[in-house]
**Q** 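Below you will find the structure I want to go over with you.
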Amino acid sequence: MLSMDVKLLVVRLSEVKWSNQEDESLITYSLGSCIGLTLFDPVARVGGMAHVFLPHSANHSKDSRKENQMEDAATAAKYADSVVPYLVSKLLEMGAKHSRLEAKMAGGAQLMKGLPDSVFDIGTSNLRVLEKSLKDFGIPIVGKDVGGDYGRTMQLFIRDGRVKVVSARHGTKEF
Amino acid sequence: MTLGIESARKVISNLTGKQVKILYKTGELVKLSGIPILCDSPEKMVLSSYVTFKGDEQGQLMILFSPGADKCLARQIEPGFFHYQADTDESPAAWQELSRGELLNSFVAELANIIGSSILNAMADRAGLMIRPSPPVLIYDMVGAILESALALGLSSSRCVYVSDVKLGFEEGDQVFEIVLIPKTLEQIEPGEGFVGCYPWMSSCW
């Protein structure tokens, strides 16, 4: 379904990974309400991907007890309001320039439509928080495939920064 | 849980007019990535029934039907109606089209309702809890997307869920579905942290 002529680095739920190897590709499977976020520097060819689970770290007491450990990748990647600074810092360490970073997103769907008490659309909340965070950091969003009511798999090619998004019901998109 | 599964088995047996056996069942607290159906491929398309429940205990209950399981179960009830589709369309795309059919969806929703209600009723009766389930919602999509959305909706900070694998045996072969139970308060614990001690209502039912 997705290109297999590269070495795949799988980004799991609440994980963040990065690479500067042109023969590598970052992939995250079956995004639902979660959002796959990629940041890429097209000159340095450095890119990273996060599988963002929830909008706000402050809403979760268990993780907020770890405030002093926000450097922890799993915690940083889990929340939309903490993932951008963490991923940016990692890419800068690998030679990326902040001013050249470009963002792409996929996911943020609402699969559980129809529940009487599904008043909270996690996907949309994730999206809004991420967009604000990217804006605050001055990083443009150059491509996205978000919303709807279906799952997606997202893949970033370090070679050229291309992102491929595959869904079972809505085909493949590239941007 | 055992009582609930047994109750569901009896209802399905009465519904189909055929002997139905519980061939195996397991129940354990596992990491999300450890859910058996998810280990094969998070992109696997499954049909899922999803309900939330409130009351003395809150949480979510999902029944994930493996590809083909719903068709087989449907054949047990209405062999004439489902015969053509079941014998000619086995590709994922065809299965998707078939799964979208109103009648089959309605049947699977009812079947899931039977199973889910049986389990929740057994838990409530055995442990003296009041549990109010929502009407079931059917979702056909990637199994990983369904599971992560359910966890997010429950605002769970846990990375583990309670999973039960159940195999029902029919005359024409065995079919597998999986039951995923996510109690709201599960987010307080992780695997190996005294799960049974925290959930006497669940251990007494299993």
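The sequence lines fix the lettering, A, B, ..., with proteins before strands; numbering per chain opens at 1. The structure presented is a predicted model; accordingly, all values stated were derived computationally and were not measured.
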**Q** Looking at B/Asp141 and A/Leu111, what are the two nearest heavy atoms and their distance?
**A** CB-CD2, 4.1 Å
**Q** Using only atom types and a distance under 3.5 Å, with no angle test, would you say the side chain of B/Ser149 pairs donor to acceptor with the backbone of A/Ser33?
**A** yes
**Q** What part of A/Asp149 gets closer than 4.5 Å to chain B, counting heavy atoms only: side chain, backbone, both or neither?
**A** backbone
**Q** Counting N and O atoms only, with roles assigned by atom type, does the side chain of B/Glu148 sit under 3.5 Å from a partner on the main chain of A/Cys34, one being a donor and the other an acceptor?
**A** yes
**Q** Is the closest side-chain heavy-atom distance between A/Met112 and B/Ile146 below 4.5 Å?
**A** yes
**Q** Going by heavy atoms in the side chains, are A/Leu31 and B/Met142 under 4.5 Å from each other?
**A** no
**Q** Under a 4.5 Å heavy-atom cut-off, does chain A meet the side chain of B/Ile139, its backbone, both or neither?
**A** side chain
**Q** Kindly check if the number of other-residue, nucleotide or ligand heavy atoms within 6.0 Å of CZ (A/Arg100) is above 12?
**A** yes
**Q** So, B/Glu43 and A/Ser30: side-chain donor and acceptor under 3.5 Å apart, yes or no?
**A** no
